[in-house]
Amino acid sequence: MGYSQQCLVGLVVIGTTAMLAIGFPGKALLATGYSPAQVPGAWLLVLGGFLTAVAALVYVPFVVAWRSFVAQLVQAVYPLPESGLPTDEWLGDRNRLRRFLHGDASLKQTAAGVFGVLAPFGGSLLSLIIPELHAG
C-alpha cells in the first residue's frame, strides 16, 4: 500500500506540473495580445478533469481491492477461534498482520489519497486563477 501512495504522489507531481506548464503559456499569450477566445481556459479544466478521472480510475479500485484482499487474508490466517471468544493475543496478531500489510489506512493517508487524486484538477484551477502576466 505504501508503494501505491508513492506512485500516486509521482502521478500527482507529473499531472499538476503538466497543468501548470500548459496554463502558464496561455497566460503569456494573453499578455502578448491574444484574445481570451483564442486561448480558451476551459480546455485546461477539461484536461485537468480527465487526468483526475484517470488517477481515480487507477488508484481507487486498487485501494479497494487491496483492502479487501488484506481482510480476506487476515480472516484466512487468523479465523475466529473455535470457542467463539477472541483472545487478546488473537486480536493483537490480527491487527499486527493488518498493519503490516497496510490494510487499514489512517484518516491522514485517506485524505492524502483523495487530495492526490484531485490534484491534477486543482493544478488546472490554479493555473487559471493565477493573475495574467503583463507585457513589459
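Counting begins at 1 with the first residue of the sequence. In this text the structure is predicted, and so the values were computed from the model without any measurement.
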With the side chain counted from C-beta on, respond yes when [X] and [Y] share a heavy-atom pair under 4.5 Å apart, and no when they do not.
X     : Y     : value
Phe50 : Val54 : yes
Tyr78 : Leu91 : no
Arg94 : Gln75 : yes

Taking all heavy atoms of [X] and all of [Y], pick out the closest pair and write down the distance.
X     : Y      : answer
Pro86 : Gly84  : CD-O, 3.5 Å
Leu73 : Leu101 : CD2-CD1, 3.5 Å
Leu45 : Phe121 : O-CE1, 3.7 Å
Trp90 : Pro81  : CE2-CD, 3.7 Å
Pro61 : Ala56  : CD-O, 3.3 Å

Verify the cluster assignment for [X] and [Y]: are they in a single hydrophobic cluster under the rule of side-chain heavy atoms below 4.5 Å apart?
X      : Y      : result
Val74  : Phe69  : yes
Val70  : Phe100 : yes
Leu118 : Val63  : no

Quiz item: Do Ser68 side-chain atoms and Val64 backbone N/O form a donor-acceptor pair below 3.5 Å?
Solution: no

Practice problem: If the plane angle is over 60° it's perpendicular, under 30° parallel, otherwise tilted; pick one for Trp66 and Phe62. | Solution: parallel

Quiz item: Got a second to check how far Arg67's CZ is from Arg98's CZ, nearest 0.5 Å?
Solution: 12.0 Å

Quiz item: For the atom pair CG (Leu85) and CG (Leu80), what is the distance rounded to the nearest 0.5 Å?
Solution: 8.5 Å

